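Working notes for the structure below.
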Number of protein chains: 2
Amino acid sequence: MTASATITSRQSVSPFIRKLRQEAALLPEDEAILADLTNSKRSVERGDVLREGAHQRSIVLVFEGWVYRYRQLENGKRQITAVFVPGDLCQPFGATPRVLDHSLAALNAAVLSFVPPRLLLSIAHANPRIEEALWCDLLKTDVLAREHMVSLGRRLATERLGHFFCEMHERLTAVGLADGDTFDLPLTQVDLADLFGLSAVHVNRALQELRSSGLLSMRNRRATLPEVAALRELSMFNPAYPQQNAVISDRA
Amino acid sequence: MTASATITSRQSVSPFIRKLRQEAALLPEDEAILADLTNSKRSVERGDVLREGAHQRSIVLVFEGWVYRYRQLENGKRQITAVFVPGDLCQPFGATPRVLDHSLAALNAAVLSFVPPRLLLSIAHANPRIEEALWCDLLKTDVLAREHMVSLGRRLATERLGHFFCEMHERLTAVGLADGDTFDLPLTQVDLADLFGLSAVHVNRALQELRSSGLLSMRNRRATLPEVAALRELSMFNPAYPQQNAVISDRA
DNA sequence: CGGTTGCTTGAGATCCATCAATAGGAGTGG
DNA sequence: CCACTCCTATTGATGGATCTCAAGCAACCG
């Protein structure tokens, strides 16, 4: 565990493969196939990557940087429905809608891959291990979406934020982008407000409460969770155990 | 279109097939394959079907009745994250989590099919039309989940409820379970509260507001939307056009 | 430097939650 | 048929979580 950090540098193994490794037992040849996917990289600036109503043909895979999905309402309000970090697929891997119901934007300069769903599907069809890993990843994304709904519906502002920090800490750790209890967090308070259905003012006050409780500190767009256990307790965060991975087979 | 209603009675064509027909051009042989899936029906009573933490092996397909997915929090609060009606798959078709993160319950007596994901996957692999239809269905479920988040985060109580009635009206019409502007709605006000992160008292008052505006009437667990257009306007509901179906191919 | 962006703070308004009580219907048992 | 309970819908009063408006401040940047 500790030794692998030196062997597999961030450059050599993409976070996507790194994440899928935890979902299924991939062979070196599987990883080679997946590595090919990430050759079609494209750099994007901060701002919209795809806009609602676009005729999209590709699945977006995040390589570097942070990306989020949102919907802009007629009345000017905005709701962010998901946040993606390196290694994440921004849509289900098997198909794209003809017309997008949401927009996709980069929080900062990012590197993305645009993969045709047909390509991903044919790889999955030909390779059961990759197929299982992709489905596991899809299910985990679904779990995150449900947790987000729980936050929006039934948690207080401090709990929503605390839960989110715990979640990002876990997700970033899984792809090697956390430094112990510290990680980058490029979201502004306005972004957090639109993510959790709050006002920016209230996000500010809730963050102050977490900081004064000693559960969070932020400096230069980096967050530190000095007491992860206490923060998880406060925000009712249940860590996802790798044993809970998805399965395709119906064997016991 | 109009004639088919007499030819295909509710008994002869399952709502599942009826829905998938709208997603992709299915041949009679495809429908025969899908009809086999629905042979393993099981009747369930009102109440939990699967409980959080269960070791689930099958995908649940709704035949008759209403089903919902929810999470029960430590502090006693409940959040309903999705509502399913006949024809709906309650999970992504390709895999199941080893351990469920949520519970599934029937609102009333229901008829369900429990389908192993491996079976669905092998059918999809062998049949590109069914595969496309299943992916379309999965994407549409995702769109509904996002709309739900928008409601939870950025809509007023009356808007959330109005939007939901519009959505259910559209979904039930698609499977032939709406009678013009009227349809069954077996949710109690407590259920609606847990679906939208509100208190039951406030749901009650918001419903009264909709009724006094002439946008809704309810009697005996049946809802009528006398002014669908006005209700859609109020709740910022955008109907889903069939043209927006998902696609796997990357052709223009 | 002026302009922009993001963070912070205060005061008052609003949406919604909570508590408490009533009433009607559906089922149940005597 | 009645008494009883449970569930659901309803109403009023009060309080709390959060919003909106408004202003000030710091950091960055061309």
Side-chain angles (χ1 to χ4, degrees), chain A residues 45-47 66 68 73 75-80 105-109 150-163 184-212 216-223 234-235, chain B residues 45-47 66 68 73 75-80 105-109 151-164 184-212 216-223 234-235:
Chain A
E45 293 303 307
R46 171 191 167 90
W66 288 52
Y68 63 98
L73 303 201
N75 58 17
K77 298 184 178 182
R78 182 178 73 148
Q79 178 66 46
I80 296 179
L107 273 169
N108 40 25
V150 172
S151 278
L152 287 166
R154 290 299 187 205
R155 283 199 257 256
L156 298 175
T158 49
E159 296 167 350
R160 296 182 204 191
L161 291 166
H163 193 278
D184 286 327
L185 195 97
L187 294 157
T188 67
Q189 293 183 0
V190 170
D191 295 328
L192 288 170
D194 286 338
L195 180 59
F196 288 116
L198 300 167
S199 71
V201 171
H202 198 63
V203 166
N204 182 292
R205 299 192 165 124
L207 287 176
Q208 287 179 46
E209 199 176 322
L210 289 177
R211 275 178 298 202
S212 71
L216 166 71
S217 73
M218 296 194 63
R219 199 187 313 275
N220 292 341
R221 292 284 146 84
R222 270 179 85 76
L234 166 94
S235 52
Chain B
E45 294 303 308
R46 171 192 167 91
W66 288 52
Y68 64 97
L73 303 201
N75 58 17
K77 298 186 177 182
R78 182 177 72 148
Q79 178 66 47
I80 296 179
L107 273 169
N108 41 27
S151 277
L152 287 167
R154 290 302 188 204
R155 284 198 255 257
L156 297 174
T158 50
E159 295 168 350
R160 297 182 204 192
L161 291 166
H163 193 277
F164 178 69
D184 286 326
L185 195 96
L187 294 158
T188 67
Q189 294 182 359
V190 171
D191 295 329
L192 289 171
D194 286 337
L195 181 59
F196 288 117
L198 300 167
S199 71
V201 171
H202 198 64
V203 166
N204 183 292
R205 296 196 231 259
L207 287 175
Q208 287 180 46
E209 198 176 321
L210 289 177
R211 275 178 299 202
S212 71
L216 167 71
S217 72
M218 297 194 62
R219 198 187 314 276
N220 292 341
R221 294 284 147 84
R222 271 179 83 75
L234 166 92
S235 53

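Since we're looking at a predicted model, the values are computed, not measured. In what follows, every chain begins at residue 1, and chains take the letters A, B, ... in the order their sequences are listed.
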Task: Nearest-angstrom distance from the residue atom CG of L198(B) to P of dA17(C) - done: 5 Å
Open item on the list: Nearest whole Å is fine: how far is dC19(D) C1' from R160(A) CZ?
Closed with: 13 Å
TODO: Search all heavy atoms of A206(A) against all heavy atoms of A157(A) and return the closest pair with its distance.
DONE: CB-CB, 4.1 Å
Open item on the list: Base, sugar-phosphate or nothing for R46(A)? Non-hydrogen atoms, less than 4.0 Å.
Closed with: sugar-phosphate
Task: Residue R211(B) excluded, over 12 heavy atoms near CZ under 6.0 Å - done: yes
Task: Gap between atoms CG and C1', on L156(A) and dC15(C) respectively (whole Å) - done: 15 Å
Open item on the list: Please compare R205(B) and L187(B) by the position of their nearest nucleotide in DNA chain D and report the one closer to 5'.
Closed with: L187(B)
- [ ] Just call it for A157(B): base, sugar-phosphate, or nothing, with non-hydrogen atoms closer than 4.0 Å on any strand.
- [x] sugar-phosphate
Task: Atom-pair distance (CG on D194(A); C1' on dG6(C)), nearest Å - done: 14 Å
Task: Atom-to-atom span, CG of N75(A) to P of dC15(C) - whole angstrom - done: 14 Å
TODO: Figure out the CD/C1' separation between Q189(B) and dA17(C), and round it to whole Å.
DONE: 16 Å
Task: Residue met sooner reading DNA chain D from 5', once N220(A) and S199(A) are mapped to nucleotides - done: S199(A)
Open item on the list: With hydrogens left out and only the distance checked, is there a donor-acceptor pair under 3.5 Å joining R221(A)'s side chain and the base of dG6(C)?
Closed with: no
Task: Closest contact, heavy atoms only, N204(A) versus Q189(A) - done: ND2-OE1, 3.1 Å
Open item on the list: Using whole Å, what does the distance between atom C1' of nucleotide dT9(C) and atom CD of Q208(A) come to?
Closed with: 8 Å
- [ ] Check whether any side-chain nitrogen or oxygen of N204(B) sits under 4.0 Å from OP1 or OP2 of dA9(D), and answer yes or no.
- [x] no
Open item on the list: Check this one for me: any side-chain N or O of R211(B) less than 4.0 Å away from OP1 or OP2 of dT10(D)?
Closed with: yes
- [ ] Write down the atom of R160(B), the atom of L152(B), and the distance for their closest heavy-atom approach.
- [x] NH2-O, 3.4 Å
Task: Closest nucleotide among dT18(D), dT18(C), dA9(D) to the H202(A) side chain - done: dT18(D)
Open item on the list: My understanding is that only one of L156(B), L216(B), T158(B) makes a side-chain contact (heavy atoms from CB on, under 4.5 Å) with E209(B); could you say which?
Closed with: T158(B)
Task: Protein-nucleotide distance (L185(A), atom CG; dC7(C), atom P), rounded to Å - done: 11 Å
